[in-house]
Student: 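Starting off with a structure, shown below.
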There are 4 protein chains.
Amino acid sequence: MDPTGEVRTIGADHVALREQVLEELRRRIVDGDYAQGERLTETRLADDFGVSRNPVREALRVVEAEGFVHILPRRGAVVATLDETAVRDLFAVREQLETLAAGLAAERATQKDVDRLRRLLEDASAATDAKDFDRVAELNSAFHRAVIDVSGNRWLLSMSAAMYHHVHWVFRVGAAQRAPHSWEEHIRLVDTIAAGDREAATTAARLHVEAAAQAALNGRVQRPTA
Amino acid sequence: MDPTGEVRTIGADHVALREQVLEELRRRIVDGDYAQGERLTETRLADDFGVSRNPVREALRVVEAEGFVHILPRRGAVVATLDETAVRDLFAVREQLETLAAGLAAERATQKDVDRLRRLLEDASAATDAKDFDRVAELNSAFHRAVIDVSGNRWLLSMSAAMYHHVHWVFRVGAAQRAPHSWEEHIRLVDTIAAGDREAATTAARLHVEAAAQAALNGRVQRPTA
Amino acid sequence: MDPTGEVRTIGADHVALREQVLEELRRRIVDGDYAQGERLTETRLADDFGVSRNPVREALRVVEAEGFVHILPRRGAVVATLDETAVRDLFAVREQLETLAAGLAAERATQKDVDRLRRLLEDASAATDAKDFDRVAELNSAFHRAVIDVSGNRWLLSMSAAMYHHVHWVFRVGAAQRAPHSWEEHIRLVDTIAAGDREAATTAARLHVEAAAQAALNGRVQRPTA
Amino acid sequence: MDPTGEVRTIGADHVALREQVLEELRRRIVDGDYAQGERLTETRLADDFGVSRNPVREALRVVEAEGFVHILPRRGAVVATLDETAVRDLFAVREQLETLAAGLAAERATQKDVDRLRRLLEDASAATDAKDFDRVAELNSAFHRAVIDVSGNRWLLSMSAAMYHHVHWVFRVGAAQRAPHSWEEHIRLVDTIAAGDREAATTAARLHVEAAAQAALNGRVQRPTA
DNA sequence: GTGGTCTAGACCACT
DNA sequence: GTGGTCTAGACCACA
């Protein structure tokens with residue numbers, strides 16, 4: 001997100017409690033610490049995080065808008081459930097957004113952008129060799145965010161942020177075995193972007209998402225809780 | 001939206017303050033009551049709405065997530081700016097989501113769904129004749145939401161909610177003259193959905209969004225406010 | 001400082017901007033990034049840290065109380081100068097405080113306390129072998145703080161905090177060659193504490209500080225700037 | 001304190017608001033106007049002193065560093081509590097610093113220094129006869145500061161400033177009956193300093209502090225306030 | 001609703 | 001003009 005690598009000041013780095021709560025809450029859902037269908041009361045979350053209920057409330061509004069929880073009036077929040085329909089719907093949308101991103105990226109990518117993408121591929125390759133699968137998952141998200149970044153479309157950027165968290169979620173609670181395979185598709189995608197071939201990039205993105213959807217829907221483990 | 005038509009209880013009808021604040025806040029931005037670039041302090045909003053600052057804070061997190069305002073750490077909220085790039089980006093994403101919705105709707109629409117869509121078209125026609133343009137704009141959003149509803153994809157539904165508010169915004173602060181024209185495209189779209197022709201529906205949606213984008217980008221009035 | 005190793009919550013970990021500015025400011029002085037005698041304007045520091053001037057002002061009051069800067073009325077802050085007298089004065093005071101601490105520690109140390117001290121000695125030994133001198137300096141401060149912690153005297157604790165930052169400063173801008181030697185003295189000190197011998201502990205502390213003072217005064221590099 | 005006796009300009013006399021707030025705040029704590037354990041909100045202090053909250057905040061940082069209040073993150077300031085342990089710890093440290101000061105003073109005192117000390121003793125004697133106990137307490141602090149001043153150790157000077165305010169605090173909230181007695185010990189101390197006898201001065205200082213500690217710990221009135 | 005925290009801006013004294 | 005000082009106002013978090 002900050003490709004310049006410049007030194008950040010204290011002021012810019014300082015994050016509000018609300019923000020930290022938001023990230024930790026999202027992480028716990030995505031990582032399955034808070035299971036699907038689990039009831040999340042404000043008090044419980046406030047205790048878990050060692051803060052008062054106010055920052056918790058604001059964080060809950062955001063994860064609700066992102067679709068991670070449902071908030072029932074006067075009944076509190078419940079972690080959303082990833083049933084097959086939800087996953088299918090998610091990937092259908094993802095395909096549309098990602099093909100658009102790939103096409104735009106192919107038109108706009110500079111050499112620097114391509115270098116950045118290739119570097120992510122190399123890092124992922126190294127992490128895969130080292131069997132550091134958490135890092136691989138992280139780099140997967142980073143790669144797709146980078147493509148969207150290159151596309152230059154700010155709406156894609158803001159809409160896809162929540163989407164990739166969900167994609168991550170699907171694979172965390174599902175199967176991780178697809179990791180090695182997907183990176184070959186990533187390489188093809190970067191090649192088409194580097195070639196500036198919009199058509200080919202769009203197709204490469206479509207194939208990648210369709211393969212990912214296939215994997216997600218087959219490999220899924222049903223674990224709705226409570 | 002509530003096809004059951006059953007009587008709702010008081011408890012179910014009650015909407016949280018936060019929710020009312022959210023809708024009114026969004027309305028004021030979309031209607032231009034709060035101009036682009038305008039600074040929105042929590043205290044001012046709390047006064048405007050006659051509530052305490054807490055529900056205002058939570059509503060602000062949501063409109064931020066929806067892209068209507070930017071929140072600067074320790075500096076407060078500022079209404080987002082609809083420059084040409086933002087509009088272009090918005091319509092590029094809209095095209096992807098709406099073509100997907102149209103294709104899915106063509107596959108899944110029942111006779112009842114088609115009737116519902118046609119009824120909206122008729123209402124809009126009547127409203128146009130009556131020169132009730134606010135109602136027309138409202139029906140425009142309702143129509144597109146209905147198509148997405150028919151598509152049955154819940155992700156589309158949740159992602160597009162914020163999107164249509166933005167589309168609405170673009171036309172409010174831009175030009176409204178496109179209204180009569182767009183309904184002819186809507187009729188064609190419903191015809192293709194009724195015919196169950198996915199391909200044709202996708203194309204009809206694309207043409208519609210492209211025409212809308214064209215209109216939005218040409219008719220746009222520059223009114224960024226300090 | 002937190003020997004229990006328990007998980008800290010977000011709320012407890014969150015630090016005010018003022019606090020971060022304070023630590024970074026102190027670090028930059030101790031590390032020589034801000035040289036002795038250098039003028040520190042509030043604006044410059046605010047820019048350096050990317051914050052407004054208010055947290056900077058509050059941090060300046062603290063480093064002034066700690067003796068790192070002098071604040072001239074309506075003239076701003078200047079980094080203090082470590083001349084020979086200052087170093088001599090510092091070590092004279094340190095001797096008094098550290099001999100008291102050692103004596104009290106000998107009287108009160110539990111087995112757990114002794115284990116903690118020995119662990120620090122081992123860590124330092126490892127860091128010395130690894131030639132990680134920054135870590136050695138850090139462990140040096142940690143060791144002395146631990147002794148004072150064991151002494152149970154809260155006044156010693158609060159007064160010595162600033163003092164050890166100064167000691168660190170003296171060695172950073174002076175010579176680092178004393179590191180290996182001092183740890184032998186530390187070992188002797190821990191042995192006397194473990195034996196519960198107040199007299200011997202007091203003596204060991206005195207000898208250690210005197211040797212450190214000797215080293216500091218001989219090895220000192222004169223670098224007052226501006 | 002200003003032996004030159006020259007006329008001071010207006011500029012030099014002007015003290016920053018922050019400084020005045022600091023001294024008044026410290027005075028009110030030491031005099032018990034703000035009781036132990038009392039909560040001190042910024043707004044309240046700002047009102048009490050008729051200034052804005054900013055100089056109050058800066059003063060609070062200083063009294064915190066001096067140990068008069070504890071500042072809880074995001075919760076505000078509370079006046080510290082003088083329980084028996086705190087007093088005992090304080091006097092243990094005081095003994096170390098004061099014996100050092102006495103020894104150094106014995107080595108370095110000029111005739112002028114000795115005269116200055118004797119004059120303070122006479123003033124105190126007069127004030128005691130006049131039963132002006134506030135003045136006596138003030139002269140007590142002035143005497144000890146003068147000894148440290150004569151010692152020439154600037155670290156002692158800066159560290160002991162806060163310490164004597166605390167000593168003063170202990171006697172204000174405790175018992176004042178020790179005043180007459182302590183001056184005899186002061187006289188002996190000055191005699192040893194005048195004689196240039198480091199050993200004897202150190203001993204005299206130790207006996208004095210031990211007697212003071214004894215008095216403080218016995219005469220203490222328990223008044224921790226909610 | 002109260003209170004801590006930070007920012008922006010105005011004042012004013014020394015260059 | 002530069003820079004320390006203070007005030008006003010607003011965000012953020014707690015109860």
Student: Out of F/dC11, E/dC6, F/dA13, which has the shortest distance to the side chain of B/Glu42?
Tutor: F/dC11
Student: With a 4.0 Å cut-off on heavy atoms, is D/Arg57 in touch with a base, just the backbone sugar-phosphate, or nothing at all?
Tutor: base
Student: Defining pairs by Watson-Crick or G-U wobble geometry with both distances under 3.5 Å, how would you list the stems of DNA chain E with at least three pairs each?
Tutor: E:1-14 with F:1-14
Student: List for me each residue that meets ring-ring contact (aromatic ring centres under 6.0 Å, His included) alongside D/Phe49, sequence neighbours excluded, and say none if there are none.
Tutor: none
Student: Go through F/dA15, F/dG3, F/dT5 for me and flag the one nearest to the B/Asn54 side chain.
Tutor: F/dA15
Student: Rounded to whole Å, please give me the gap between CZ in C/Arg75 and P in F/dG3.
Tutor: 11 Å
Student: Please report the distance, rounded to the nearest Å, between CZ in B/Arg74 and P in E/dT5.
Tutor: 13 Å
Student: Please compare C/Ala16 and B/Ser52 by the position of their nearest nucleotide in DNA chain E and report the one closer to 5'.
Tutor: B/Ser52
Student: Starting at atom CG of C/Asp47, determine the distance to atom C1' of E/dT7, rounded to an integer number of angstrom.
Tutor: 14 Å
Student: Can you tell me the distance, in whole Å, between the CD1 atom of C/Ile71 and the P atom of F/dT5?
Tutor: 7 Å
Student: Just how far, in rounded Å, is P of F/dA13 from CD of B/Glu58?
Tutor: 13 Å
Student: To the nearest Å, how far apart are D/Arg53 CZ and E/dC6 P?
Tutor: 12 Å
Student: Between C1' on E/dG4 and NE2 on C/His14, what's the gap in Å once rounded to a whole number?
Tutor: 12 Å
Student: Is there a donor-acceptor pair closer than 3.5 Å between any side-chain N or O of D/Gln36 and the backbone N or O of D/Leu82?
Tutor: yes
Student: Whole-Å distance between F/dC14 P and A/Arg18 CZ?
Tutor: 12 Å
Student: Look at atom CZ of B/Arg44 and say whether more than 12 heavy atoms of other residues, nucleotides or ligands are closer to it than 6.0 Å.
Tutor: yes
Student: Taking atom CD of D/Glu58 and atom CZ of D/Arg18, what is their separation to the nearest 0.5 Å?
Tutor: 5.5 Å
Student: Mind telling me whether C/His166 and C/Phe68 have parallel, tilted or perpendicular rings, with 30° and 60° as the class edges?
Tutor: parallel
Student: Do B/Leu25 and B/Val69 make a side-chain contact, defined as non-hydrogen atoms from C-beta onward lying under 4.5 Å apart?
Tutor: no
Student: When C/Asp33 is tested against each of C/Arg172, C/Arg27, C/Arg28 for salt bridge (Lys or Arg N to Asp or Glu O under 4.0 Å), which residue passes?
Tutor: C/Arg27
